[in-house]
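The structure appears right after this line, and notes come after that.
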Amino acid sequence: AYEIMPSLVGSEMCIRDSIATSAESGAGEAAPSLTLTGAVELQSSVTVTTDSGGTDGAVSFSSTVDALSGQTTSLTVDSGTAATTISGAVGATDELSGLTINTTNGDTGAITLTGIGTGTAASGSGSAAVTVGNTGTTTLTLAGTTYNIDGNAEFESVTGADKIVMTGASPTFTLHDDTISFKVGGIHLDNGTFTVNSQGGAISIEGAITGSSDEAVTLNSGATGGATVAVDAIGQSNEILTVDITGTDGVTLNGNITTSDASSGSVDLAGPVTLGDNITIDTEASASNSGTITFASTATINGNKSLTMVSGTGAIALQGVIGGGTALTGLSVNATDGDTGTIEITDIGDGDPAAGVAGTVSIGNANTATLTLDGTRYNTNGTTIYEAVAGSASIKITGANVSITTADDNLTFDAGNIELSTDGTTTISTGTGAGNLVIDGTIDGSTGTGNGSEALTTVSYTHLRAHETRHDLV
């Protein structure tokens, strides 16, 4: 290994051995440092150490870092409390077998990376396994636009907001059936869309994601086989405009999602969803800018936690079963008067457990344009309200042989008229014990997909108040 005091400079250099700086300060008490100017090629696996037990030195690569063509080489950097900066892409021409920077907990030096590899194809990967930062890294700056990695990847910083800073425009992280983790510190996006495609590996983001103004977040774990996504809070105030998460084998929400005050905001989730905490998804940034919320048909919702959604004028579609595996403790969907967005609910509970929500359920409000129940089972265990604007067919029950029940709890259809549109019997019941059933509007059949054979059964063992039940029912 070479022990050098202040710097190593060259226009192009090929490094075959490890490098370590002195533990002592230089002339004038200058800290030891290592500066590599120009493109670097690694002939063998190289370790750069400026954390020598005395004064730690900064490490700076001014340009690209590649393996020598045909060689299997890795780069390890340990700069302790001093900064490490790589200003060019890693492995843009020839892939490294690994990249490791300051992974010892307690190394506080800031780290800056400017990209790994090129493009998104496996042939453009810049490194196999990548481990950058630790729980003491004060700031991890990802200044590039492309991070193409063919191995498991970890990016880590000290706890706190905005500790992993992405300054590159629309940074894209591509894995090839590998895992990727952003650990401990919060992520801050400066510009564009933050994209992670793991193509079969788990995606884990432990800190909150914030933005500068209307950034976007797209996370896709790809094919099955551990293809999960776990996220903390996303957005606050005017930071993140759109969120699109696909976790084929599961999506875990550990924090709230809030979109910014601009047009075309949205939150889209696909894959089985687990609530890791009580979650609020809010796309109602202002009276003029409200976003949509969509849980795809694959996005079942489970977890012993509550879910609150607020979308203002934006549509909400919950197309997966709610509480089919583990009941929620509460469900609120645009429950505040004034929110006009349409609501679609496919199913609540599937019989195992008996109820999909064990707690208060409030879906819609006096201004909800339409509330569509297009599943067949709505089983809740708690006071339950379905509400839409007063008027014709604002509460649409479109499934066949639908069961809407509570477990001896009050059940209310508030304000809106109910329309049954598919042949079969709709059963509305509060169970066999206490529980009032209140239906404020009329109940009508439809000439839509039904043929006049729609039927209604209402059961309440304490009280039933309903307005007229009209034609088209048998």
Go through the side-chain N and O atoms of H188 and T167 and say whether any donor and acceptor fall under 3.5 Å apart.
-> no
After noting the C-alpha distance and the side-chain angles of I397 and I404, does the key distance pass the side chain to side chain contact (heavy atoms under 4.5 Å, CB included) rule?
-> CA-CA 10 Å; I397 300 175; I404 304 173; 3.8 Å; yes
Start with the C-alpha distance between D282 and N256, add both sets of side-chain angles, then the distance that settles side chain to side chain contact (heavy atoms under 4.5 Å, CB included), and finish with yes or no.
-> CA-CA 8 Å; D282 188 350; N256 299 331; over 6 Å; no
Side-chain (S181) to main-chain (S204) donor-acceptor, under 3.5 angstrom = no
Considering residues at least two apart in sequence or located in another chain, which fulfil the salt bridge (Lys or Arg N to Asp or Glu O under 4.0 Å) criterion with E206?
-> none
Hey, does the side chain of N417 reach the backbone of G391 with a donor-acceptor pair shorter than 3.5 angstrom?
-> yes
Does Y386 use its side chain to pair, donor to acceptor, with the backbone of L373 at less than 3.5 Å?
-> no
Check for a donor-acceptor pair, side chain of D414 on one end and backbone N or O of D440 on the other, with a separation under 3.5 Å.
-> no
Within the side chain of D277, is there an N or O that forms a donor-acceptor pair under 3.5 Å with the backbone of I279?
-> no
Rounded distance [0.5 Å steps], CG in N367 versus OG1 in T336 | 10.5 Å
Exercise: do E239 and T210 side chains pair donor with acceptor under 3.5 Å = no
Quick one: does D347's side chain have a donor or acceptor within less than 3.5 Å of a partner on T376's backbone?
-> yes
For K305, all residues meeting salt bridge (Lys or Arg N to Asp or Glu O under 4.0 Å), sequence neighbours excluded = none
Enumerate donor-acceptor pairs with a distance under 3.5 Å from any side-chain N or O in residues 292-304 to protein atoms, sequence neighbours excluded.
residue	atom	partner	partner atom	Å
T298	OG1	G271	N	2.9
N302	OD1	G324	N	3.2
N302	OD1	G325	N	2.5
N302	OD1	T326	N	2.9

Listed pairs under 3.5 Å, donor-acceptor, residues 217-227 side chains, sequence neighbours left out:
residue	atom	partner	partner atom	Å
N220	OD1	G222	N	2.8
S221	OG	A227	O	2.7
S221	OG	T246	O	3.4
S221	OG	T248	N	3.3

Give a yes or no answer on whether the side chain of N365 reaches the backbone of G338 with a donor-acceptor pair at less than 3.5 Å.
-> yes
Nearest heavy-atom neighbours spanning D178 and H176 | OD2-O, 2.9 Å
Is N410 reaching over with its side chain to a backbone N or O of N436, donor-acceptor style, under 3.5 angstrom?
-> yes
N152 (side chain) donor-acceptor with T179 (main chain) under 3.5 angstrom | yes
Under 3.5 Å, is there a donor-acceptor pair between the side chain of T146 and the main chain of G119?
-> no
Do you know which of N334, T340, T283 makes side-chain hydrogen bond (donor to acceptor under 3.5 Å, both in side chains) with S311?
-> N334
F182: partners by ring pair (Phe, Tyr, Trp, His ring centres under 6.0 Å), with sequence neighbours left out | F155, F173, F194
Name the atoms and distances for all side-chain donor-acceptor pairs under 3.5 Å in residues 129-136, with sequence neighbours left out.
residue	atom	partner	partner atom	Å
N134	OD1	G106	N	3.2
N134	OD1	G136	N	2.6
N134	ND2	N102	O	2.8
N134	ND2	T104	O	3.2
N134	ND2	D107	O	2.9
N134	ND2	T137	OG1	3.2
T135	OG1	N105	OD1	3.1

